[in-house]
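Only one structure is covered here, and it is reproduced in the block below.
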Amino acid sequence: MRRPVARKLSVLAVSAAMVSVGAAAPPAAGTDPVEKAPVAVGYGGAVSSVDADASAAGIEVLRKGGNAVDAAVATAAALGVTEPYSAGIGGGGYFVYYDAKSRTVRTIDGRETAPLTADSGLFVENGTAIPFAEAVSSGLSVGTPGTPATWQQALDKWGSEGLGTLLKPAERLARDGFVVDDTFRAQTASNETRFRYFPDTAQLFLPNGALPVVGSTFKNPDLARTYAELARKGVGALYRGDLADDIVDTVNHPPVDPSSGWKARPGDLSAEDLATYRTRSQAPTRTSYHGLGVYSMAPSSSGGTTVGEALNILENTDLSKASEVQYLHRYIEASRIAFADRGRWVGDPAFEDVPTKELLSQRYADSRECLIKDDAVLTSPVAPGDPRNPAKCDASGTAAPTTYEGDSTTHLTVADKWGNVVSYTLTIEQTGGSGITVPGRGFILNNELTDFSFAPASPAVHDPNLPGPGKRPRSSMSPTIVLDQHNKPVVALGSPGGATIITTVLQTLTGFLDRGLPLVDAIAAPRASQRNAAQTELEPGLYDSKVKAGLEAIGHSFKPNPEIGAATGVQRLPGGKWLAAAETVRRGGGSAMVVRPAS
């Protein structure tokens, strides 16, 4: 029997140490730094993102009467300006929407796709997989972008404003500029070497040949013009016409500085690939957790199935009464098992027979949960089970590896005054994407195809994530919305971080729902990430703690990770109020805003 949540979640509003109710949007014009706040509580709707200018763009739309979908598109477009190494119109993502009128959740799969000419040997040369670093900064890594099509699809289905109106804040931001912060400079610095391979990228992001200075104003007039073109012509301009031609030419003939010595392998993207790209409207995944409905993305993302399976594994454990060591032990082991099944079973369902329903069944989770012992640790890699034919405590078979996924992704969460909610994760893959800027257009192309497996890990195990013609690479993005027993929102959240997205969302959910942490504290809590590997990654707050020793006594092994994820979320409160929450420290802290702050 499923336990109901044993307390009113509305009381988990704000940490007493971190109350901030004054984070409404500043005036839109100007380039003065916009103050960040990790928490905001108030009325009229809420926006949470990693960037204050982007959150302000969404709040501007809400203030003018737009709904959550409108605000999400405006926020995402602004992130394409201020977070160009994480997202933009050269990438893709997953859009999860709660409709307050029908009390239902819908999703859009806006994942990038491989060229129609791609096959399983896309990243193989002379019988050997191409080195990852060489594949990333090349045309070979670029998939057909899905972000602009996602925006249009969301607006056509659920929006109330036209794309042209919603692009105006981002166009203004690109034209007038934003203030460079430490994070933007650091991300530029980490990419400086490969940015210099591509003259257009270097010219844009290394002004006057140097790193952007913290406190200076960064402008992107090319992107402003591109947004203006999309506003006039619609997103079809990116998939057909001059802009589409520019993308195809850039991918197939990467504009490399000859003096750099860099060999940027060409891609094989065609005008047909762009013209035939379509988003997928599909049902969300749904998991019942302690009487709540947890909704997320179905494959091609593995986020919904993997978070959902892990929650089902944890369903019969009362994490609210567990010690910190017991809680983290159970969370880590559930993650380990769910990742074992992810690697074997999840890929693009247009190409693979993905047992989504079975992976999310409580019967299957119970057959896997019994592998967990209170006084011992599973040895990774754990073998997958068979969700179609569950065998209790089965640990036989051959494990599938976890492929690398870049962490240059961003997440935004929005709610409006009518109760609609959007949880949207978008990306260009790793920090700086492919490193290739479309000349004269102001945006970087993704390297999303490197999310595919480069080659089969074992001839004995089918790999559902090998490349194929028009195939979507497996993702870990996990935009999530939780509903109560009346199908009303409790919380919505998500995170960037490659494969660590899944563990970040899982840990934040259990911290908030089970451990009783206010949302901002659940987001700020030091993270652990286990992805069916020999060692679990720990942020410093856990790696340097006494809890680590308690876990090691059981048998856990750890390695440090300085920063995992950068989550945002919104929480519904009584009386039409919303709480927006973001990071306090990670990525320089996030930006939570509401339309009208509560007094």
Side-chain angles (χ1 to χ4, degrees), residues 23-38 40 45-64 66 68-91 93 95 147 150-151 154 163 165-181 183-184 187 217-220 223-224 227 408-416 422-428 442-444 479 492-496 566-570 580-583 586-595:
T31 57
D32 291 334
V34 180
E35 185 178 350
K36 285 185 175 182
V47 180
S48 184
S49 80
V50 73
D51 180 75
D53 288 305
S55 294
I59 291 291
E60 179 182 334
V61 168
L62 292 177
R63 276 182 167 169
K64 292 179 179 179
V69 173
D70 303 324
V73 170
T75 303
L79 287 168
V81 180
T82 60
E83 294 283 308
Y85 311 143
S86 298
I89 56 175
F95 194 101
T147 291
T150 301
W151 295 350
L163 180 66
T165 298
L166 301 174
L167 288 177
K168 285 181 180 177
E171 180 189 342
R172 182 177 63 235
L173 192 58
R175 183 185 64 245
D176 297 342
F178 63 91
V179 178
V180 172
D181 62 11
T183 300
F184 186 81
Q187 290 180 340
T217 299
F218 187 93
K219 299 180 180 182
N220 190 339
L223 184 56
Y227 276 162
S408 183
T409 301
T410 195
H411 181 83
L412 62 96
T413 324
V414 181
D416 64 30
V422 172
S423 185
Y424 182 22
T425 313
L426 58 160
T427 183
I428 58 171
F443 64 91
I444 298 174
L493 56 87
S495 177
T568 73
V570 298
E583 297 286 358
R586 297 181 186 95
R587 286 203 186 182
S591 174
M593 294 184 181
V594 292
V595 174

Does any N or O in the side chain of Thr147 come within less than 3.5 Å of the main-chain N or O of Gly91, such that one atom is a donor and the other an acceptor?
yes

How long is the straight-line distance from CG of Asp70 back to NZ of Lys64, given to the nearest 0.5 Å?
12.0 Å

Tyr227 side chain to Ala77 backbone, donor-acceptor under 3.5 Å:
yes

Closest contact, heavy atoms only, Val422 versus Ala72:
CG1-CB, 3.7 Å

CD on Glu171 to CG on Asn220, rounded to 0.5 Å
12.0 Å

Taking all non-hydrogen atoms of both residues, which atom of Ala592 and which atom of Ala40 are closest, and how far apart?
O-CB, 3.5 Å

Any sub-3.5 Å donor-acceptor pair from Ser55's side-chain atoms to Met593's backbone N or O?
no

Kindly indicate whether the side chain of Ser49, heavy atoms from C-beta on, has any atom under 4.5 Å from the side chain of Glu83.
no

Checking side chain to side chain contact (heavy atoms under 4.5 Å, CB included) for the pair Tyr424/Thr75: CA distance, chi angles, key distance, verdict?
CA-CA 10 Å; Tyr424 182 22; Thr75 303; over 6 Å; no

Whether Phe178 and Phe184 hold their rings parallel, tilted or perpendicular, with breakpoints at 30° and 60°:
perpendicular

Would you say that Ser86 contacts Arg587 through its side chain, given a criterion of any heavy-atom pair below 4.5 Å between the two side chains?
yes

Could you please spell out the steps behind the side chain to side chain donor-acceptor pair (under 3.5 Å) verdict for His411 and Ser48?
CA-CA 9 Å; His411 181 83; Ser48 184; over 6 Å; no

Quick one: pull up CG in Leu493 and OG1 in Thr425 and give me the separation to the nearest 0.5 Å.
9.5 Å

Looking only at heavy atoms, which two atoms of Ser495 and Ala566 are closest? And how far apart?
OG-N, 3.1 Å

Heavy atoms of Thr217 and Gly177 approach each other most closely as CG2-CA, 3.8 Å

Between atom CH2 of Trp151 and atom CG of Leu166, what is the distance when rounded to the nearest 0.5 Å?
10.0 Å

Are Val50 and Leu79 side-chain neighbours, meaning at least one heavy-atom pair lies under 4.5 Å?
yes

Heavy-atom closest contact (Ile59 atom, Val595 atom, distance)
CD1-N, 3.9 Å

Scan side-chain atoms only and decide if Thr82 and Asp51 contain a donor-acceptor pair under the 3.5 Å cut-off.
yes

The test is side chain to side chain contact (heavy atoms under 4.5 Å, CB included); show your working for Ile428 and Phe443 and say whether it passes.
CA-CA 10 Å; Ile428 58 171; Phe443 64 91; over 6 Å; no

For Thr568 and Ala582, indicate whether the former's side chain and the latter's backbone hold a donor-acceptor pair under 3.5 Å.
no

If you compare all heavy atoms of Val570 against all heavy atoms of Ala415, which two are closest, and at what distance to 0.1 Å?
CG2-CB, 4.3 Å

Leu426 side chain near Leu412 side chain, heavy-atom distance below 4.5 Å:
yes

Do Lys168 and Glu60 meet the salt-bridge criterion of a basic N to acidic O distance under 4.0 Å?
no

